[in-house]
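Below is one structure, written out as C-alpha coordinates, with a few remarks after it.
As a basis for the values below, the full set of heavy atoms in this structure was taken, side chains included, without hydrogen atoms, waters or symmetry mates.
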Amino acid sequence: MDKEADLFYRQIPKVELHAHLNGSVSFATMEKLIARKPHLNIESSRTAIHSGQRRSLAECFQVFKVIHQLVDSEEDILMVAKAVIEEFAADGVKYLELRSTPREETKTGLSKRRYIETILEAIHQCKQEGVDIDVRFLVAVDRRNGPEVAMETVKLAEDFMLSSDGVVVGLDLSGDPTVGHGKDLLPALQRARNCGLKLALHMCEVPSQKEESELLLDLPPDRIGHGTFLHPEVGGSDSLVDKVRKLNIPLELCLTSNIKGQTVPSYDKHHFQYWYERQHPCVLCTDDKGVFCTDLSQEYHLAASTFGLSQEAVWSLSQQAIHCSFAPEALKQKLEQRWAELRPHTLH
Ligand SMILES: CC(C)=CCNc1ncnc2c1ncn2[C@@H]1O[C@H](COP(=O)(O)O)[C@@H](O)[C@H]1O
Ligand SMILES: [Zn+2]
(Lines give C-alpha, C1' and ligand atoms only; values in the text may rest on other atoms or scores of the structure.)
(Ligands and ions follow the chains in the order given, each with its own letter.)
Protein backbone atom coordinates (compact mmCIF):
# COMPACT_ATOMS: atom_id res chain seq x y z
CA MET A 1 0.00 0.00 0.00
CA ASP A 2 1.37 3.42 -0.81
CA LYS A 3 3.01 5.28 2.02
CA GLU A 4 1.18 8.61 1.85
CA ALA A 5 -2.25 6.97 1.84
CA ASP A 6 -1.16 4.72 4.67
CA LEU A 7 -0.21 7.76 6.75
CA PHE A 8 -3.71 9.18 6.35
CA TYR A 9 -5.33 6.07 7.83
CA ARG A 10 -2.88 6.09 10.72
CA GLN A 11 -3.42 9.76 11.42
CA ILE A 12 -7.20 9.86 11.49
CA PRO A 13 -8.55 9.50 15.01
CA LYS A 14 -10.36 6.19 15.36
CA VAL A 15 -12.78 4.34 17.60
CA GLU A 16 -12.39 0.59 18.17
CA LEU A 17 -15.51 -1.15 19.46
CA HIS A 18 -14.88 -4.83 18.76
CA ALA A 19 -11.57 -6.16 20.11
CA HIS A 20 -11.16 -9.42 22.02
CA LEU A 21 -8.25 -9.05 24.42
CA ASN A 22 -6.57 -12.40 23.81
CA GLY A 23 -7.08 -12.17 20.07
CA SER A 24 -5.46 -8.74 20.03
CA VAL A 25 -2.05 -9.73 21.41
CA SER A 26 0.68 -8.56 19.01
CA PHE A 27 3.51 -10.66 17.65
CA ALA A 28 6.03 -8.81 19.87
CA THR A 29 4.05 -9.52 23.04
CA MET A 30 3.48 -13.11 21.98
CA GLU A 31 7.25 -13.60 21.66
CA LYS A 32 7.66 -12.38 25.25
CA LEU A 33 5.00 -14.78 26.50
CA ILE A 34 6.57 -17.67 24.62
CA ALA A 35 9.97 -16.83 26.16
CA ARG A 36 8.38 -16.83 29.62
CA LYS A 37 6.92 -20.30 29.09
CA PRO A 38 9.48 -22.33 27.12
CA HIS A 39 8.13 -25.60 28.59
CA LEU A 40 4.94 -25.19 26.55
CA ASN A 41 6.98 -25.48 23.37
CA ILE A 42 4.66 -23.20 21.41
CA GLU A 43 5.85 -21.67 18.13
CA SER A 44 4.69 -18.16 17.32
CA SER A 45 3.36 -19.36 13.96
CA ARG A 46 0.57 -21.11 15.86
CA THR A 47 -0.79 -17.94 17.43
CA ALA A 48 -1.55 -15.96 14.26
CA ILE A 49 -2.96 -16.33 10.75
CA HIS A 50 -0.63 -14.57 8.33
CA SER A 51 -1.37 -12.75 5.09
CA GLY A 52 -2.78 -14.96 2.39
CA GLN A 53 -3.54 -17.70 4.89
CA ARG A 54 -7.09 -18.78 5.59
CA ARG A 55 -8.44 -21.09 8.21
CA SER A 56 -11.72 -22.79 8.88
CA LEU A 57 -13.66 -21.32 11.77
CA ALA A 58 -12.85 -24.40 13.85
CA GLU A 59 -9.12 -23.94 13.20
CA CYS A 60 -9.36 -20.27 14.18
CA PHE A 61 -10.91 -21.21 17.50
CA GLN A 62 -8.02 -23.63 18.11
CA VAL A 63 -5.69 -20.63 17.94
CA PHE A 64 -7.42 -19.12 20.98
CA LYS A 65 -6.78 -22.30 22.93
CA VAL A 66 -3.05 -21.95 22.27
CA ILE A 67 -3.09 -18.26 23.26
CA HIS A 68 -5.00 -19.04 26.47
CA GLN A 69 -2.21 -21.41 27.49
CA LEU A 70 0.26 -18.57 27.11
CA VAL A 71 -1.88 -16.02 28.97
CA ASP A 72 -2.90 -17.73 32.19
CA SER A 73 -1.71 -15.65 35.13
CA GLU A 74 -2.42 -12.25 36.60
CA GLU A 75 1.03 -11.10 35.51
CA ASP A 76 0.40 -12.21 31.90
CA ILE A 77 -2.99 -10.54 31.74
CA LEU A 78 -1.66 -7.27 33.07
CA MET A 79 1.17 -7.24 30.55
CA VAL A 80 -1.02 -8.26 27.64
CA ALA A 81 -3.80 -5.79 28.42
CA LYS A 82 -1.39 -2.87 28.83
CA ALA A 83 0.42 -3.72 25.60
CA VAL A 84 -2.83 -4.05 23.65
CA ILE A 85 -4.10 -0.68 24.91
CA GLU A 86 -0.77 1.01 24.09
CA GLU A 87 -0.77 -0.51 20.59
CA PHE A 88 -4.28 0.70 19.85
CA ALA A 89 -3.29 4.18 21.07
CA ALA A 90 -0.18 4.12 18.85
CA ASP A 91 -2.45 3.30 15.91
CA GLY A 92 -4.51 6.45 16.48
CA VAL A 93 -7.38 4.87 18.40
CA LYS A 94 -8.74 7.48 20.80
CA TYR A 95 -11.53 5.39 22.28
CA LEU A 96 -11.40 1.63 22.78
CA GLU A 97 -13.94 -0.87 24.02
CA LEU A 98 -12.01 -3.96 24.96
CA ARG A 99 -13.78 -7.25 25.67
CA SER A 100 -12.61 -10.46 27.29
CA THR A 101 -13.97 -13.68 28.75
CA PRO A 102 -13.22 -13.97 32.49
CA ARG A 103 -11.25 -17.16 33.00
CA GLU A 104 -10.45 -19.18 36.08
CA GLU A 105 -7.00 -20.81 36.06
CA THR A 106 -6.47 -23.17 38.97
CA LYS A 107 -2.81 -23.67 38.06
CA THR A 108 -1.96 -20.03 38.70
CA GLY A 109 -4.66 -19.36 41.28
CA LEU A 110 -6.48 -16.93 39.02
CA SER A 111 -10.18 -16.36 39.68
CA LYS A 112 -12.71 -14.82 37.27
CA ARG A 113 -13.11 -11.82 39.55
CA ARG A 114 -9.32 -11.29 39.68
CA TYR A 115 -9.18 -11.70 35.90
CA ILE A 116 -11.49 -8.71 35.45
CA GLU A 117 -9.80 -6.71 38.20
CA THR A 118 -6.44 -7.19 36.48
CA ILE A 119 -7.74 -5.84 33.18
CA LEU A 120 -9.24 -2.88 35.02
CA GLU A 121 -5.86 -2.34 36.67
CA ALA A 122 -4.19 -2.30 33.23
CA ILE A 123 -6.71 0.28 32.02
CA HIS A 124 -6.06 2.36 35.13
CA GLN A 125 -2.26 2.17 34.76
CA CYS A 126 -2.44 3.25 31.11
CA LYS A 127 -4.54 6.25 32.13
CA GLN A 128 -2.05 7.14 34.91
CA GLU A 129 0.83 6.86 32.46
CA GLY A 130 -0.87 9.32 30.11
CA VAL A 131 -1.56 6.94 27.22
CA ASP A 132 -3.76 8.99 24.90
CA ILE A 133 -6.84 6.76 24.79
CA ASP A 134 -10.08 6.28 26.71
CA VAL A 135 -10.83 2.63 27.42
CA ARG A 136 -14.03 0.88 28.48
CA PHE A 137 -14.57 -2.81 29.13
CA LEU A 138 -17.17 -5.37 28.07
CA VAL A 139 -17.36 -8.64 29.98
CA ALA A 140 -17.62 -11.52 27.51
CA VAL A 141 -19.81 -14.59 27.69
CA ASP A 142 -18.45 -17.58 25.80
CA ARG A 143 -21.53 -19.31 24.38
CA ARG A 144 -19.80 -22.69 24.58
CA ASN A 145 -20.01 -22.64 28.38
CA GLY A 146 -23.80 -22.73 28.55
CA PRO A 147 -26.53 -20.93 30.51
CA GLU A 148 -25.24 -21.33 34.10
CA VAL A 149 -21.84 -19.88 33.37
CA ALA A 150 -23.51 -17.15 31.30
CA MET A 151 -25.67 -16.17 34.29
CA GLU A 152 -22.70 -16.24 36.63
CA THR A 153 -20.76 -14.02 34.23
CA VAL A 154 -23.65 -11.55 34.00
CA LYS A 155 -23.75 -11.28 37.81
CA LEU A 156 -20.02 -10.60 37.83
CA ALA A 157 -20.42 -7.98 35.10
CA GLU A 158 -23.25 -6.38 37.07
CA ASP A 159 -21.04 -6.10 40.18
CA PHE A 160 -18.25 -4.50 38.20
CA MET A 161 -20.59 -2.15 36.39
CA LEU A 162 -21.50 -0.76 39.80
CA SER A 163 -17.97 -0.68 41.25
CA SER A 164 -15.65 0.19 38.36
CA ASP A 165 -16.30 3.93 38.05
CA GLY A 166 -18.01 3.47 34.74
CA VAL A 167 -15.26 1.43 33.08
CA VAL A 168 -17.35 -1.75 32.74
CA VAL A 169 -20.18 -0.76 30.42
CA GLY A 170 -21.52 -3.88 28.82
CA LEU A 171 -21.68 -7.53 27.97
CA ASP A 172 -20.46 -9.35 24.89
CA LEU A 173 -21.72 -12.67 23.58
CA SER A 174 -19.07 -14.51 21.60
CA GLY A 175 -17.37 -17.88 21.17
CA ASP A 176 -17.66 -20.53 18.49
CA PRO A 177 -20.97 -19.74 16.74
CA THR A 178 -21.45 -23.37 15.77
CA VAL A 179 -21.65 -24.41 19.43
CA GLY A 180 -24.72 -24.01 21.64
CA HIS A 181 -27.95 -22.10 21.03
CA GLY A 182 -28.67 -18.48 21.90
CA LYS A 183 -32.14 -19.32 23.20
CA ASP A 184 -30.59 -20.98 26.27
CA LEU A 185 -28.72 -17.80 27.04
CA LEU A 186 -31.72 -15.48 26.81
CA PRO A 187 -32.41 -15.31 30.59
CA ALA A 188 -28.81 -14.23 31.26
CA LEU A 189 -28.83 -11.68 28.45
CA GLN A 190 -32.22 -10.38 29.56
CA ARG A 191 -30.91 -9.90 33.07
CA ALA A 192 -27.87 -8.05 31.79
CA ARG A 193 -30.06 -5.73 29.80
CA ASN A 194 -32.41 -5.08 32.71
CA CYS A 195 -29.60 -4.10 35.02
CA GLY A 196 -28.24 -1.54 32.58
CA LEU A 197 -25.41 -3.39 30.87
CA LYS A 198 -25.18 -2.63 27.15
CA LEU A 199 -25.31 -5.67 24.88
CA ALA A 200 -22.85 -6.28 22.03
CA LEU A 201 -23.77 -9.65 20.57
CA HIS A 202 -22.05 -11.71 17.88
CA MET A 203 -24.89 -12.55 15.52
CA CYS A 204 -25.27 -14.38 12.22
CA GLU A 205 -21.53 -15.00 12.02
CA VAL A 206 -22.32 -18.30 10.28
CA PRO A 207 -25.31 -19.14 8.02
CA SER A 208 -27.10 -21.45 10.45
CA GLN A 209 -28.07 -18.83 13.03
CA LYS A 210 -31.24 -17.34 11.53
CA GLU A 211 -33.64 -18.57 14.18
CA GLU A 212 -31.27 -17.65 16.98
CA SER A 213 -30.83 -14.15 15.59
CA GLU A 214 -34.61 -13.61 15.48
CA LEU A 215 -34.70 -14.36 19.21
CA LEU A 216 -31.68 -12.24 20.08
CA LEU A 217 -33.06 -9.28 18.13
CA ASP A 218 -36.09 -9.24 20.39
CA LEU A 219 -33.89 -8.37 23.38
CA PRO A 220 -32.78 -6.17 21.48
CA PRO A 221 -28.97 -5.86 21.43
CA ASP A 222 -27.34 -2.43 21.43
CA ARG A 223 -24.82 -3.50 18.79
CA ILE A 224 -24.32 -6.50 16.52
CA GLY A 225 -20.96 -8.18 15.91
CA HIS A 226 -20.48 -9.27 12.27
CA GLY A 227 -24.09 -9.89 11.15
CA THR A 228 -22.58 -11.57 8.10
CA PHE A 229 -25.62 -13.67 7.22
CA LEU A 230 -28.46 -11.32 8.15
CA HIS A 231 -29.56 -10.26 4.68
CA PRO A 232 -31.62 -12.46 2.34
CA GLU A 233 -28.98 -12.50 -0.45
CA VAL A 234 -26.79 -14.71 1.74
CA GLY A 235 -29.52 -16.83 3.27
CA GLY A 236 -30.75 -14.42 5.96
CA SER A 237 -34.16 -12.80 5.71
CA ASP A 238 -36.05 -9.56 5.13
CA SER A 239 -37.47 -9.88 8.60
CA LEU A 240 -33.98 -9.85 10.18
CA VAL A 241 -32.87 -6.90 8.08
CA ASP A 242 -36.09 -5.00 8.81
CA LYS A 243 -35.67 -5.41 12.55
CA VAL A 244 -32.03 -4.33 12.49
CA ARG A 245 -32.87 -1.30 10.34
CA LYS A 246 -35.93 -0.28 12.30
CA LEU A 247 -34.05 -0.36 15.57
CA ASN A 248 -31.01 1.21 13.88
CA ILE A 249 -28.67 -1.25 15.63
CA PRO A 250 -25.07 -0.51 14.66
CA LEU A 251 -23.00 -3.29 13.11
CA GLU A 252 -19.40 -3.98 14.11
CA LEU A 253 -17.71 -5.07 10.88
CA CYS A 254 -14.36 -6.83 10.81
CA LEU A 255 -13.22 -7.32 7.21
CA THR A 256 -9.95 -9.22 7.60
CA SER A 257 -11.36 -11.45 10.33
CA ASN A 258 -14.19 -12.56 8.06
CA ILE A 259 -11.87 -13.18 5.10
CA LYS A 260 -9.30 -15.15 7.09
CA GLY A 261 -12.03 -17.08 8.91
CA GLN A 262 -13.60 -17.78 5.50
CA THR A 263 -17.12 -16.65 6.26
CA VAL A 264 -16.77 -14.06 3.46
CA PRO A 265 -15.12 -15.14 0.16
CA SER A 266 -13.27 -11.88 -0.67
CA TYR A 267 -12.99 -8.26 0.46
CA ASP A 268 -15.23 -6.96 -2.33
CA LYS A 269 -17.98 -9.41 -1.30
CA HIS A 270 -17.98 -8.17 2.30
CA HIS A 271 -21.40 -7.19 3.65
CA PHE A 272 -20.02 -3.75 4.55
CA GLN A 273 -21.23 -2.79 1.06
CA TYR A 274 -24.81 -3.95 1.67
CA TRP A 275 -25.26 -2.01 4.91
CA TYR A 276 -23.20 1.04 3.99
CA GLU A 277 -25.27 1.57 0.82
CA ARG A 278 -28.38 1.58 2.97
CA GLN A 279 -26.78 4.19 5.24
CA HIS A 280 -26.97 1.87 8.18
CA PRO A 281 -24.51 2.65 11.03
CA CYS A 282 -21.40 0.55 10.32
CA VAL A 283 -18.31 0.55 12.54
CA LEU A 284 -15.04 -0.86 11.21
CA CYS A 285 -13.28 -2.98 13.82
CA THR A 286 -10.37 -5.43 14.08
CA ASP A 287 -11.93 -8.32 16.08
CA ASP A 288 -8.56 -10.00 16.80
CA LYS A 289 -5.74 -7.80 15.55
CA GLY A 290 -3.05 -10.21 16.78
CA VAL A 291 -4.54 -13.41 15.38
CA PHE A 292 -5.44 -11.81 12.05
CA CYS A 293 -2.24 -9.70 11.79
CA THR A 294 -4.00 -6.40 11.21
CA ASP A 295 -4.70 -3.08 12.91
CA LEU A 296 -7.54 -0.60 12.72
CA SER A 297 -5.74 1.75 10.27
CA GLN A 298 -5.29 -1.15 7.91
CA GLU A 299 -8.97 -2.10 8.17
CA TYR A 300 -9.97 1.49 7.29
CA HIS A 301 -7.52 1.45 4.39
CA LEU A 302 -8.87 -1.87 3.10
CA ALA A 303 -12.48 -0.71 3.32
CA ALA A 304 -11.64 2.55 1.53
CA SER A 305 -9.71 0.91 -1.30
CA THR A 306 -12.19 -1.93 -1.75
CA PHE A 307 -15.32 0.20 -1.76
CA GLY A 308 -13.89 3.44 -3.20
CA LEU A 309 -14.46 5.62 -0.14
CA SER A 310 -13.18 9.21 -0.26
CA GLN A 311 -11.10 10.61 2.61
CA GLU A 312 -14.18 12.58 3.65
CA ALA A 313 -16.26 9.38 3.76
CA VAL A 314 -13.59 7.62 5.82
CA TRP A 315 -13.53 10.51 8.23
CA SER A 316 -17.33 10.36 8.65
CA LEU A 317 -17.13 6.65 9.27
CA SER A 318 -14.68 7.12 12.12
CA GLN A 319 -16.65 10.04 13.53
CA GLN A 320 -19.96 8.16 13.44
CA ALA A 321 -18.40 5.36 15.44
CA ILE A 322 -18.30 7.70 18.45
CA HIS A 323 -22.09 7.59 18.57
CA CYS A 324 -22.22 3.82 18.29
CA SER A 325 -20.04 3.46 21.37
CA PHE A 326 -21.23 2.79 24.91
CA ALA A 327 -19.39 5.86 26.19
CA PRO A 328 -21.40 8.25 28.36
CA GLU A 329 -22.69 11.43 26.68
CA ALA A 330 -19.99 13.68 28.19
CA LEU A 331 -17.21 11.46 26.82
CA LYS A 332 -18.87 11.32 23.39
CA GLN A 333 -18.84 15.11 23.36
CA LYS A 334 -15.20 15.22 24.40
CA LEU A 335 -14.37 12.83 21.54
CA GLU A 336 -16.39 14.93 19.07
CA GLN A 337 -14.29 17.88 20.10
CA ARG A 338 -11.07 15.93 19.55
CA TRP A 339 -12.24 14.98 16.07
CA ALA A 340 -13.03 18.64 15.29
CA GLU A 341 -9.57 19.76 16.47
CA LEU A 342 -7.75 17.06 14.51
CA ARG A 343 -9.72 17.43 11.29
CA PRO A 344 -7.76 20.35 9.75
CA HIS A 345 -4.47 18.53 10.42
CA THR A 346 -5.63 15.30 8.82
CA LEU A 347 -7.96 16.02 5.91
CA HIS A 348 -6.39 17.80 2.95
C1 LIG B 1 -12.54 -17.91 14.51
C2 LIG B 1 -12.71 -16.53 14.05
C3 LIG B 1 -12.90 -16.31 12.60
C4 LIG B 1 -12.69 -15.57 14.97
C5 LIG B 1 -13.34 -14.30 14.86
N6 LIG B 1 -14.64 -14.35 15.33
C7 LIG B 1 -14.98 -14.60 16.62
N8 LIG B 1 -16.23 -15.08 16.82
C9 LIG B 1 -16.68 -15.40 18.04
N10 LIG B 1 -15.92 -15.29 19.14
C11 LIG B 1 -14.68 -14.80 19.01
C12 LIG B 1 -14.15 -14.43 17.75
N13 LIG B 1 -12.89 -13.98 17.96
C14 LIG B 1 -12.65 -14.08 19.30
N15 LIG B 1 -13.72 -14.59 19.93
C16 LIG B 1 -13.87 -14.90 21.37
O17 LIG B 1 -12.83 -14.24 22.08
C18 LIG B 1 -12.04 -15.19 22.80
C19 LIG B 1 -10.60 -14.72 22.85
O20 LIG B 1 -10.49 -13.53 23.62
P21 LIG B 1 -10.66 -13.48 25.21
O22 LIG B 1 -10.04 -14.69 25.79
O23 LIG B 1 -12.13 -13.42 25.50
O24 LIG B 1 -9.93 -12.22 25.61
C25 LIG B 1 -12.24 -16.49 22.06
O26 LIG B 1 -12.00 -17.60 22.86
C27 LIG B 1 -13.70 -16.39 21.63
O28 LIG B 1 -14.56 -16.75 22.70
ZN1 LIG C 1 -15.57 -11.02 17.67
Side-chain angles (χ1 to χ4, degrees), residues 1 6-7 9-38 40 42-53 55 59-101 103 115 118-119 121-123 125-127 129-138 140 174 252 254-261 284-302:
M1 288 186 187
D6 200 51
L7 188 66
Y9 297 101
R10 288 201 183 276
Q11 278 182 343
I12 46 166
K14 291 169 287 292
V15 167
E16 169 67 81
L17 300 182
H18 188 134
H20 301 271
L21 176 63
N22 285 294
S24 300
V25 182
S26 64
F27 180 77
T29 309
M30 210 53 93
E31 295 269 270
K32 283 190 199 162
L33 290 163
I34 289 172
R36 275 187 189 183
K37 297 184 166 72
L40 290 176
I42 291 172
E43 280 176 44
S44 56
S45 60
R46 288 176 60 205
T47 61
I49 301 163
H50 295 277
S51 84
Q53 292 183 333
R55 293 280 193 282
E59 287 168 333
C60 291
F61 282 101
Q62 283 303 319
V63 176
F64 296 118
K65 284 214 173 116
V66 177
I67 298 173
H68 285 161
Q69 281 184 282
L70 286 165
V71 184
D72 71 346
S73 69
E74 207 175 301
E75 195 190 356
D76 296 337
I77 291 161
L78 186 71
M79 173 178 89
V80 158
K82 284 189 78 178
V84 165
I85 293 168
E86 283 161 9
E87 288 152 8
F88 274 114
D91 188 35
V93 173
K94 304 294 178 206
Y95 176 84
L96 162 68
E97 275 172 26
L98 202 55
R99 55 184 84 189
S100 193
T101 324
R103 231 179 328 129
Y115 184 99
T118 308
I119 295 173
E121 174 61 24
I123 296 172
Q125 286 189 18
C126 287
K127 187 103 215 146
E129 288 162 21
V131 184
D132 181 17
I133 188 168
D134 273 293
V135 186
R136 294 295 182 272
F137 186 63
L138 309 179
S174 55
E252 304 156 354
C254 315
L255 275 66
T256 300
S257 163
N258 297 154
I259 304 301
K260 290 195 172 175
L284 294 174
C285 302
T286 54
D287 208 6
D288 300 289
K289 73 174 180 62
V291 171
F292 299 120
C293 308
T294 188
D295 57 32
L296 195 54
S297 300
Q298 194 176 326
E299 294 301 303
Y300 270 82
H301 198 161
L302 282 163

Legend entry - Crowding at NZ, K32 (>12 non-hydrogen neighbours, <6.0 Å):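 Counting neighbours around NZ of K32, 12 or fewer heavy atoms of other residues, nucleotides or ligands fall under 6.0 Å, so no.
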Inset, instruction - Taking atom CD of E129 as the centre, report whether more than 12 heavy atoms of other residues, nucleotides or ligands fall under 6.0 Å from it. - result: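 Above 12, so yes.
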Between [X] and [Y], is any pair of side-chain heavy atoms under 4.5 Å apart?
| X | Y | answer |
| --- | --- | --- |
| R103 | N22 | yes |
| S100 | F137 | yes |
| L70 | M30 | yes |
| I49 | C60 | yes |
| F88 | V135 | no |
| M79 | L33 | yes |
| I34 | S44 | yes |
| F64 | V291 | yes |

Specify the closest pair of heavy atoms between [X] and [Y], including all atoms of both residues, with the distance to one decimal.
| X | Y | answer |
| --- | --- | --- |
| P38 | A35 | CD-O, 3.3 Å |
| Y95 | L17 | CE2-CD2, 3.8 Å |
| A48 | Q53 | O-OE1, 4.2 Å |
| K260 | S51 | NZ-N, 3.7 Å |
| V131 | A89 | CG1-CB, 3.5 Å |

Inset, instruction - Sequence neighbours left out, what passes side-chain contact (heavy atoms from CB on, under 4.5 Å) with E75? Give chain and number order. - result: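 Result, side-chain contact (heavy atoms from CB on, under 4.5 Å) vs E75: R36, S73.
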Once you round to the nearest 0.5 Å, how far does [atom1] of [X] lie from [atom2] of [Y]?
| X | Y | atom1 | atom2 | result |
| --- | --- | --- | --- | --- |
| D72 | Y115 | CG | OH | 10.5 Å |
| F292 | Q298 | CZ | CD | 13.0 Å |
| D76 | I67 | CG | CD1 | 12.5 Å |
| L284 | S297 | CG | OG | 11.0 Å |
| L296 | D287 | CG | CG | 12.0 Å |
| I77 | K82 | CD1 | NZ | 15.0 Å |

Legend entry - Partners meeting salt bridge (Lys or Arg N to Asp or Glu O under 4.0 Å) with D91 (sequence neighbours left out):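 If we apply the salt bridge (Lys or Arg N to Asp or Glu O under 4.0 Å) test to D91, skipping adjacent residues, the hits are R10.
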Legend entry - Results of salt bridge (Lys or Arg N to Asp or Glu O under 4.0 Å) for E299 - residues two or more places apart only: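 E299 satisfies salt bridge (Lys or Arg N to Asp or Glu O under 4.0 Å) with no other residue.
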Legend entry - Expected output: side-chain E74 to main-chain T118 donor-acceptor under 3.5 Å: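 Side chain of E74 to backbone of T118, a donor-acceptor pair under 3.5 Å: no, none is there.
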Legend entry - Under-4.0 Å salt bridge between K94 and D134: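 Salt bridge absent between K94 and D134.
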Legend entry - Salt-bridge contact K289-E87 (side-chain N to carboxylate O under 4.0 Å):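 Yes.
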Inset, instruction - Could you check whether the rings of H20 and H18 sit parallel, tilted or perpendicular, using 30° and 60° as the cut-offs? - result: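 Plane angle over 60°, so perpendicular.
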